[in-house]
Amino acid sequence: MLGLVLEGGGAKGSYHAGAIKALHESGYSFDGVMGTSIGAINGAIVAQGDTEKCIELWETLTPSRFIDVDDEKMTKILTKKYDGATIKYLLKLIKDTLLNRGFSVERVMKLLKSVIDEDKLRGRQTDFGLITVSITDRLPVEVFKEEIPYGLLHDYIMASAYYPAFRNDPIDGKKYMDGGIFDNLPINPLIRKGYDEIIAVRTMSSMPHRSVIDDTVKITYITPSDDIGGTVDVYADSIEKNINMGYFDTMKILNGYKGKKYYFYPMNDREFIDFLFHLSDNTFISLKKILSIDETSDKIEIINRLLLIVRAQMKDSFELSDYEVFLLFLEKYGKRCDIDKFKVYGLNEYIGRLKEHMQTTEKGRGIWTQLKSVFENRILNNLLEAILNG
């Protein structure tokens with residue numbers, strides 16, 4: 001059986017939406033879904049068969065949909081664009097929240113009921129479970145939908161996501177809190193239920209998660225390739241970035257794309273060496289000078305020397321192929337020059353983008369001048385210049 005596990009992380013749950021979109025487009029369906037906190041919310045929507053609804057939820061989400069705030073002012077607060085009116089609003093918001101012992105969950109519950117249909121979820125054969133923690137009993141609670149009394153499904157999902165800023169309402173006389181304090185990546189409940197293959201979507205939250213109890217279970221982790229922000233970063237730019245990253249990171253896993261921060265079509269060793277071999281003669285002349293190689297050296301000797309130098313300069317490259325190390329080298333510059341992240345590149349196309357940015361735009365020329373003069377790895381800058389000119 002194939003299961004999906006979604007890690008908690010508040011607003012980082014927007015990353016789930018992109019991953020879910022990629023899995024759905026690739027034809028995946030799941031026998032069971034397990035989640036903690038925001039993972040339980042997203043997981044319930046997926047388990048009831050409404051993948052598109054989960055994506056739409058995040059694409060349209062604003063702070064005022066789940067707490068009583070002004071969206072414009074809240075976005076300024078979250079993006080640290082303070083002015084006098086925003087600071088005044090923030091101070092009042094803090095004061096009111098303290099007086100009310102936290103934010104009301106009324107809007108959150110309204111949102112949950114608009115996207116999660118209890119009858120629909122219960123009527124499907126797909127397993128659904130969540131983690132919460134009983135403050136009253138001082139015990140973690142692992143619960144599947146069939147164990148939750150009818151009419152209390154939304155309450156238990158809310159209990160899994162009881163962020164400390166929310167006012168904690170009891171369920172049947174018991175108080176609960178965010179399940180992330182016990183297990184933020186609940187893989188083991190599915191394993192105990194007999195699942196032998198699991199896709200786990202991470203948010204890299206700082207909350208704890210339990211060690212996997214059975215190492216024979218096939219687990220595929222989908223992990224953010226870059227920072228996905230904080231647990232309360234519910235504003236449009238952050239959400240859009242995270243959805244895109246979740247989508248491309250998942251497609252990378254499914255399709256074998258290469259790269260650490262960017263996404264590249266795979267190349268085998270022969271294809272990569274052939275690419276380098278067909279760099280221009282002027283490039284090889286420049287490389288001989290940069291690498292202090294004898295004039296009589298052939299292209300293969302120059303390529304081997306180039307790859308040794310690049311590997312020596314790149315961190316965490318021991319287990320990577322020459323192609324993957326070379327991509328790390330190129331990514332170092334792409335990130336600094338704001339090359340579009342959310343695209344799958346061929347090697348020629350990516351190098352062309354770098355060249356276009358650094359040599360034909362005013363901003364790019366400024367960055368290139370800075371890189372050549374003050375950037376820490378002069379030899380890498382020279383190598384890049386030779387390759388761009390090839």
Side-chain angles (χ1 to χ4, degrees), residues 6-23 35-43 45-46 51-83 85-87 89-90 93-94 97 103 107-108 111-112 114-115 161 163-166 178 180 184-185 201-207 222-252 259-263 331 334-343:
L6 302 175
E7 185 172 23
K12 297 179 182 183
S14 52
Y15 182 82
H16 295 159
I20 289 163
K21 180 180 179 181
L23 291 165
T36 300
S37 195
I38 193 62
I41 296 172
N42 288 336
I45 304 172
V46 173
T51 299
E52 294 87 351
K53 186 177 286 188
C54 181
I55 298 161
E56 182 185 355
L57 166 66
W58 284 100
E59 289 177 339
T60 59
L61 191 64
T62 61
S64 65
R65 289 193 69 188
F66 60 95
I67 53 176
D68 184 13
V69 293
D70 180 287
D71 283 328
E72 183 178 352
K73 289 186 173 65
M74 197 66 191
T75 297
K76 285 184 177 181
I77 291 167
L78 293 172
T79 55
K80 299 179 181 179
K81 296 176 181 177
Y82 299 109
D83 53 29
T86 305
I87 293 171
Y89 179 80
L90 176 60
L93 185 65
I94 293 171
T97 304
F103 289 109
R107 291 198 182 194
V108 183
L111 179 61
L112 291 186
S114 73
V115 295
Y163 197 67
F166 288 127
D178 195 304
N184 209 34
L185 187 68
V201 184
R202 301 293 315 272
T203 62
M204 306 312 290
S205 168
S206 59
M207 301 295 279
I222 297 171
T223 305
S225 58
D226 213 335
D227 178 34
I228 57 172
T231 57
V232 296
D233 287 344
V234 188
Y235 57 92
D237 288 348
S238 179
I239 289 173
E240 181 182 10
K241 181 193 75 171
N242 288 350
I243 292 173
N244 283 329
M245 199 184 310
Y247 180 85
F248 278 91
D249 287 349
T250 304
M251 285 299 193
K252 177 181 176 180
K260 186 175 182 180
K261 299 292 185 182
Y262 288 82
Y263 313 94
E331 286 182 330
K335 186 172 175 62
R336 191 169 183 126
C337 293
D338 296 325
I339 300 297
D340 182 17
K341 175 179 173 67
F342 300 120
K343 176 178 173 55

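Quick note: numbers below take in every heavy atom, side chains included, and nothing from hydrogens, waters or symmetry partners.
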Notebook entry, point to check: Can you name the ring-ring contact (aromatic ring centres under 6.0 Å, His included) partners of Tyr235, sequence neighbours left out?
Noted result: none
Taking all heavy atoms of [X] and all of [Y], pick out the closest pair and write down the distance.
X      : Y     : value
Gly43  : Leu6  : N-CD1, 3.6 Å
Asp233 : Ala11 : N-CB, 3.5 Å
His16  : Gly39 : CE1-CA, 3.8 Å
Leu185 : Thr36 : N-OG1, 4.5 Å
Cys54  : Ala17 : O-CB, 4.4 Å
Gly13  : Trp58 : C-CZ2, 3.6 Å

[X] side, atom [atom1]; [Y] side, atom [atom2] - distance, nearest 0.5 Å:
X      : Y      : atom1 : atom2 : value
Thr51  : Lys21  : OG1   : NZ    : 12.0 Å
Tyr247 : Leu23  : OH    : CG    : 10.5 Å
Lys81  : Glu72  : NZ    : CD    : 11.0 Å
Asn242 : Ser14  : CG    : OG    : 3.5 Å
Met245 : Ser225 : CE    : OG    : 5.0 Å
Ile228 : Ile243 : CD1   : CD1   : 11.5 Å

Notebook entry, point to check: Taking C-beta and beyond as the side chain, do Leu111 and Leu61 meet within less than 4.5 Å on heavy atoms?
Noted result: yes
Notebook entry, point to check: Can you tell if the side chain of Arg107 reaches within under 4.5 Å of the side chain of Arg65, non-hydrogen atoms only?
Noted result: no
With a 3.5 Å distance limit and no angle check, can you tell me whether [X] reaches the backbone of [Y] through a side-chain donor-acceptor pair?
X      : Y      : value
Glu7   : Val201 : no
Ser238 : Val234 : no
Asn244 : Phe342 : no
Asn184 : Met207 : no
Tyr262 : Ile339 : yes
Tyr15  : Thr223 : yes
Lys12  : Gly230 : no
Thr203 : Gly8   : yes

Check: How about Lys53: does its NZ atom have over 12 heavy atoms from other parts shown lying under 6.0 Å from it?
Finding: yes
Note to self: If you count heavy atoms of other groups shown closer than 6.0 angstrom to CD of Glu52, is the number above 12?
What the structure shows: yes
Checklist line | Those residues that, when tested against Asp237, pass salt bridge (Lys or Arg N to Asp or Glu O under 4.0 Å) (two or more places apart) | finding: none
